[in-house]
Protein chains: 2
Amino acid sequence: MNFTAKKIAVLLRQRGYKLTPQRRVILDAIADGHDHLTPAAIYEKVKREHSNIGLVTIYRTIGLLTELGLICEVHSGGNCRSYLLRRPSEHHHHLICSDCGTVVDFTSCDLSEVEQKLSDDTGFDINGHLLEFLGRCRSCQTTTP
Amino acid sequence: MNFTAKKIAVLLRQRGYKLTPQRRVILDAIADGHDHLTPAAIYEKVKREHSNIGLVTIYRTIGLLTELGLICEVHSGGNCRSYLLRRPSEHHHHLICSDCGTVVDFTSCDLSEVEQKLSDDTGFDINGHLLEFLGRCRSCQTTTP
DNA sequence: TTGTAAATGAAAATGATTATCATCTAGCAG
DNA sequence: CTGCTAGATGATAATCATTTTCATTTACAA
């Protein structure tokens, strides 16, 4: 278990949740690569090390981690969700390749002005936003013109 | 059928699609309110006037209208999608109340600079984006503090 | 009016997600 | 170290959204 996963383990316990081996492997699986993973993909990855884990546990753990703000959802504009480890304190957004699914994080967007203006105009109490760019990454552009 | 729906009908025919009564009522249902509607909600609304319409037809029509760029998806950060009529030429985003589900459109956000910078940095060919703000609308703030 | 490609509706298939419940276990008290 | 208990797990089934299939129907151009 790497450093990040260890910190998360501490956080779990602080909030009264138990650190089970299942949660550990799921955490590792998500923390491992920089890909975004669907619940099913996490399941496949995790089954290699922990062959009798249930898909249900994946969902429960994802739910828990999302609730704790430790991972974040990617929408990809399509049907189903996938998840990425969120490096704490880095507020970021996603740039997604519609061909190969690569997700690039970026932080260079300050929406606070827009948020303030919207809040003033509409009276909304704004507490979050979702920003994703869609396109084709460099390598997909060259392989299939 | 109102003006907007009529224009859409013309557009459909221009592209070789037929204008069926089912499509007409679905268009009306979406064009009617300013709410975002899930496929199931559209189905319920449409069944009043066209009792034997199938849910499948809703899905097919939604798919078609999305493909033509006439309606747009709202993600609401959660599970399932819903749809809004897109007033042509108004590129806009959504501000969503997490309590009552009200959707407010806004246009006052220019992301072209960010898009250009991202494109330069990453080599992506960017062709779209998704921006949604989440919060609580004024009335939900007063009703449940 | 007629022919035909496109559209429809019913039913079933698929896929993702959630609920249920009996069993098991992490972590704490003793 | 050991036994206790709230919380966690896995198997199964249920639910819900969406898609596929296919025989029948229909819009609309000729």
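Letters A, B, ... are given to chains in the order of the sequence lines, protein chains preceding strands, and every chain is numbered from 1. Just so it is clear, the values below take in all heavy atoms, side chains as well, and ignore hydrogens, waters and symmetry mates. The shown structure was predicted, so the numbers you read here are calculated from the model rather than taken from an experiment.
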Measure from [atom1] on [X] to [atom2] on [N] and round the result to the nearest Å.
X	N	atom1	atom2	answer
Leu64(A)	dT18(C)	CG	P	14 Å
Leu12(B)	dA27(D)	CG	P	14 Å
Lys18(A)	dC28(C)	NZ	P	9 Å
Ile62(B)	dT18(D)	CD1	P	8 Å
Tyr43(B)	dC16(D)	OH	P	15 Å
Arg24(B)	dT26(D)	CZ	C1'	13 Å
His50(B)	dA10(C)	NE2	P	11 Å
Ile58(B)	dT19(D)	CD1	C1'	15 Å

Which nucleotide wins on minimum distance to the side chain of [X], given the candidates [options]?
X	options	answer
Tyr59(A)	dT9(D), dT8(C), dA16(C)	dA16(C)
Leu19(A)	dA5(C), dA8(D), dG27(C)	dG27(C)
Ile53(A)	dT18(D), dA5(C), dG10(D)	dG10(D)
Val56(A)	dT25(C), dA5(C), dA19(C)	dA19(C)

Is any side-chain N or O of [X] closer than 4.0 Å to OP1 or OP2 of [N]?
X	N	result
Gln22(B)	dG9(C)	yes
Thr57(A)	dG10(D)	yes
Thr20(A)	dG7(D)	no

- Item | Closest-nucleotide 5' rank along DNA chain C - winner of Pro21(B) and Leu55(A) |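 The answer here is Pro21(B).
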- Item | Contact nearer the 5' end of DNA chain C, comparing Tyr17(B) with Ala40(A) |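 On the 5' side of the pair lies Tyr17(B).
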Note, [X] side chain near [Y] side chain (heavy atom, < 4.5 Å):
X	Y	answer
Leu37(B)	Lys45(B)	yes
Thr122(B)	Phe106(A)	no
Glu49(A)	Asp28(A)	no
Thr61(A)	Gln22(A)	no

- Message: One pair to check against side-chain contact (heavy atoms from CB on, under 4.5 Å): Glu115(B) and Leu118(B). What are the steps and the verdict?
- Response: CA-CA 5 Å; Glu115(B) 190 168 314; Leu118(B) 272 178; 5.8 Å; no
- Task: Look at the side chain of Arg60(A) and the base of dG7(D), then say whether one donor and one acceptor between them are separated by less than 3.5 Å.
- Result: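 Per atom types, no contact qualifies.
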- Message: Any base atoms under 4.0 Å from Arg23(B), or only sugar-phosphate, or nothing? Heavy atoms, all strands.
- Response: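 Answer is sugar-phosphate: Arg23(B) comes under 4.0 Å of backbone atoms only.
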- Message: Classify Arg13(B) by what it touches in the nucleic acid, base, sugar-phosphate, or nothing, heavy-atom distance under 4.0 Å.
- Response: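 Sugar-phosphate, no base atom in range.
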